[in-house]
Amino acid sequence: MSFNVDIGFCSERGPRSDNEDFALVRHPGPGESDWGVIAALADGVSVGGLGRVASQTTVMTLVEDWYGTPATWDPTVALERVIAAHNAWLVGQNRRRQSLEGRTAQTGTCTLTALVLRAHGFTLAHVGDSRAYLIRDGECAQLTQDHVMGGTEFQNGLTRAIGLDEALRVDYLDGDLRIGDTLVLTSDGVHGYIKPAVLKELASKGSAQEASAALVAKALVSGGRDNATAVVLKINGLDVVSLADMSRLGRQLPVPPRLKEGDVIDQYVVESSVFSNGVHRVYRVRDQVDGSIHALKTLHESRASDAQEREMLAHEAWLAARVSERNAEGFLHVTEPVNPTAFYTLSDWLDGESLAAMIERKTAFSVAEIVGACAGLARTLGRLHQHGVIHRDIKPDNLHRGRDGQWRILDLGVALSGREPESLRVLHAGTPSYMNPEQWLDDAAISRATPQSDLYALGVSLYLWLTGRLPYGEIEPYQISRYRRDPVPPSRLRPDVPIWLDHIVLKAVARDPRQRFETAEEMQLALERGASRPLVAPRASSLLERDPAAVWKIALAVSVLFNLLLVYWLVFLPKD
């Protein structure tokens, strides 16, 4: 789904010899619906004629790079990084010209007003004196504040501009969208010559294109002496794909009762019940419209009134949909239910088997098969980390091979995205045997989960895959003593494991986090290179590293032995 937005654009140079304004609006392409619609307008300010270059490169870079940011990022974070990167480039270009040509060098800066429209909200980024207006229910509100120095002619009076200073400050604003809203972006050649009441009247009439043309024409006939540009966006329909919207549906819709074969929920027929753990239920369902098979996941009816569980399931559904966008391999694709009357999530039905089930029934894997599969899983994990997501429960149960041969990472139920609910953030999630040792420490700064935690868990899964054993055995919560020995190299338990693979596995599950892989890409590269560029053998841990209290234990043992000898001498040896 995508926004239903009527878009209008008009730009005239007016009495100026050149038009240094530039504006662009882009709809999302296939697989980009979660990034929404982005509109940007820039007004160039030049010394020597490079204002057009500044405005055009700024708008085009922002609009194109916006769709390259992870969908899990907050819009303000994504906009900040893209704008900051381009500002640094433009500042560098201006300084380079000035250093080569002196004060007469051609330079260019520009204002920027950008709007991102997605789901039921908008995000505004603003620098300079171009403006954004919101017209709603007959009222016109200016959303931006001009960054100008009253009566000063330095840089056309601008106190902030793209390309002016490395320390750029951007104003951001988030707001809600409603059907019937009209958003207007203007350069100062328009709003400098039209009063807000006139702007509201002209922008509200006709189509968006007619409104934008009317605004520009009115500014010019009113004595406009500058380039005049207007972008009008009329909201005729909205998406329901944001985390906030998913959470709202989770709060408002009822949890379906226990379903049985043949029951119908919305347009889906239940074929079987496949899973229940007292918190969630999962059903295999068939879409009556197109016949496709899905997995329907909802809360157990006993948790129907649990607000925290509802919020966590909404986060899981939103996150899974985001990371599986653009046909991303390695993840379970989640789709949005069509007009749901109950709270549930839908994902593709996967035929196949989990790694845990295959290990349980002792499925034979060659070393080459394991290395290839684990490299693919490391690649998938790397993409997850690029989204800013930490899985927190990588283990064989959540590593799945479909009938298509594709290995996938499943279950984002306890994953951290930076936008997870507080109840999920404070949850000490994971499976103890796959959690890195430092997560059991009392130091909160060390014990929190990180991307390295996922890599450690993948390393433990790889060790088990190769040997049928866990590197440190079964671990119970806070059982730190089990980590006081180094794992046995896999080649001692499985002779066909090459030494170079020993080094990779032992590095992945090293007790000391400084010895482990730092990124998933590093682990993937090591597996793909194999024997051609083997890793250096990890050093064995010293006794003091394995058990920091070992010195005190030895001292205590020596002291006890000395005292026993002293007692024996006092009691049993003859005395003169």
Side-chain angles (χ1 to χ4, degrees), residues 9 11-14 16-26 35 38-70 73 75-116 123-132 144-149 152-172 185-189 226-229 231:
F9 163 75
S11 183
E12 298 288 346
R13 64 182 176 87
R16 295 288 185 92
S17 58
D18 296 306
N19 188 351
E20 295 187 322
D21 291 352
F22 193 83
L24 194 61
V25 182
R26 181 180 160 185
W35 285 258
I38 184 169
L41 182 152
D43 182 354
V45 181
S46 64
V47 175
L50 290 183
R52 173 71 174 184
V53 173
S55 62
Q56 184 171 349
T57 57
T58 297
V59 169
M60 293 185 68
T61 298
L62 174 61
V63 170
E64 291 303 314
D65 288 358
W66 164 254
Y67 291 95
T69 60
W73 283 5
T76 56
V77 173
L79 289 169
E80 176 71 26
R81 295 196 181 184
V82 174
I83 293 171
H86 180 73
N87 177 71
W89 174 83
L90 191 55
V91 168
Q93 294 294 313
N94 288 335
R95 289 182 176 174
R96 191 174 297 109
R97 292 190 184 95
Q98 289 174 331
S99 65
L100 294 175
E101 304 173 25
R103 293 185 178 180
T104 61
Q106 294 186 357
T107 60
T109 61
C110 67
T111 70
L112 175 66
T113 302
L115 272 172
V116 172
T123 299
L124 172 70
H126 172 68
V127 177
D129 64 352
S130 45
R131 290 182 183 175
T144 55
Q145 180 180 356
D146 295 343
H147 302 140
V148 295
M149 298 173 63
T152 303
E153 293 299 323
F154 176 69
Q155 290 291 345
N156 281 15
L158 293 177
T159 58
R160 300 189 213 172
I162 304 294
L164 179 62
D165 189 9
E166 288 182 353
L168 177 68
R169 289 188 297 125
V170 182
D171 289 346
Y172 292 101
L185 306 182
T186 59
S187 63
D188 60 354
D226 200 354
N227 305 145
T229 302
V231 176

Can you check salt bridge (charged side-chain N to carboxylate O under 4.0 Å, His left out) on Arg16 and Asp226, steps first, answer last? CA-CA 6 Å; Arg16 295 288 185 92; Asp226 200 354; 3.6 Å; yes
Heavy atoms, side chains only, cut-off 4.5 Å: are Thr76 and Thr123 in contact? yes
Under the salt bridge (charged side-chain N to carboxylate O under 4.0 Å, His left out) definition, can you give me all pairs with a residue in residues 82-95, not counting sequence neighbours? Arg95-Glu166
Would you say the side-chain atoms of Asp21 pair up with the backbone N or O of Arg13, donor to acceptor, closer than 3.5 Å? no
Side-chain contact, heavy-atom cut-off 4.5 Å: Leu158 with Leu164? no
Val231 to Ala23 - nearest heavy-atom pair and separation: CG2-CB, 3.7 Å
Please check: side-chain N/O of Asn94 versus main-chain N/O of Gly108, any donor-acceptor pairing under 3.5 Å? yes
Atom CD of Gln56 with >12 non-hydrogen neighbours under 6.0 angstrom: yes
Are the side chains of Phe22 and Thr58 in contact, using a 4.5 Å heavy-atom criterion? no
Got a sec, which residues hit side chain to side chain contact (heavy atoms under 4.5 Å, CB included) with Ala40, two or more places apart in sequence or on another chain? Val59, Leu62, Val63, Leu112, Ala114
Just how far is it from atom NE2 of His126 to atom CZ of Arg169, taken to the nearest 0.5 Å? 11.5 Å
How long is the span from the CG atom in Asn227 to the CD atom in Glu12, to the nearest 0.5 Å? 10.0 Å
Contacts of Asp171 that satisfy side chain to side chain donor-acceptor pair (under 3.5 Å) - sequence neighbours left out: His147, Arg160
Contacts of Thr57 meeting side chain to side chain contact (heavy atoms under 4.5 Å, CB included) (sequence neighbours excluded), chain-then-number -> Val53, His86, Trp89
Heavy-atom pair of closest approach, residues Leu90 and Ile162: CD2-O, 3.6 Å
At what distance, to the nearest 0.5 angstrom, does CD of Glu80 lie from OG1 of Thr69? 13.0 Å
For Ala161 and Leu168 the tightest heavy-atom approach is O-CD1, 3.7 Å
Which atom of Trp66 lies closest to which atom of Ala78, heavy atoms considered: CZ3-CB, 3.5 Å
Partner residues of Ser130 under the side chain to side chain donor-acceptor pair (under 3.5 Å) criterion, sequence neighbours left out: Thr111, Thr113
Tell me, do Leu79 and Tyr172 make a side-chain contact under 4.5 Å, heavy atoms counted? yes
Work out which heavy atom in Asp43 is nearest to a heavy atom in Ser187; give both atom names and the distance. OD2-CB, 4.2 Å
Does Arg26 have any side chain to side chain donor-acceptor pair (under 3.5 Å) partners at least two apart in sequence or in another chain, and if so, which? Glu32, Glu64
Would you say Thr107 and Leu50 make side-chain contact, with heavy atoms under 4.5 Å? no
Which atoms form the tightest heavy-atom contact between Cys110 and Gly44, and what is the distance? CB-CA, 3.9 Å
With sequence neighbours excluded, residues passing side chain to side chain donor-acceptor pair (under 3.5 Å) with Ser11: Asn19, Thr229
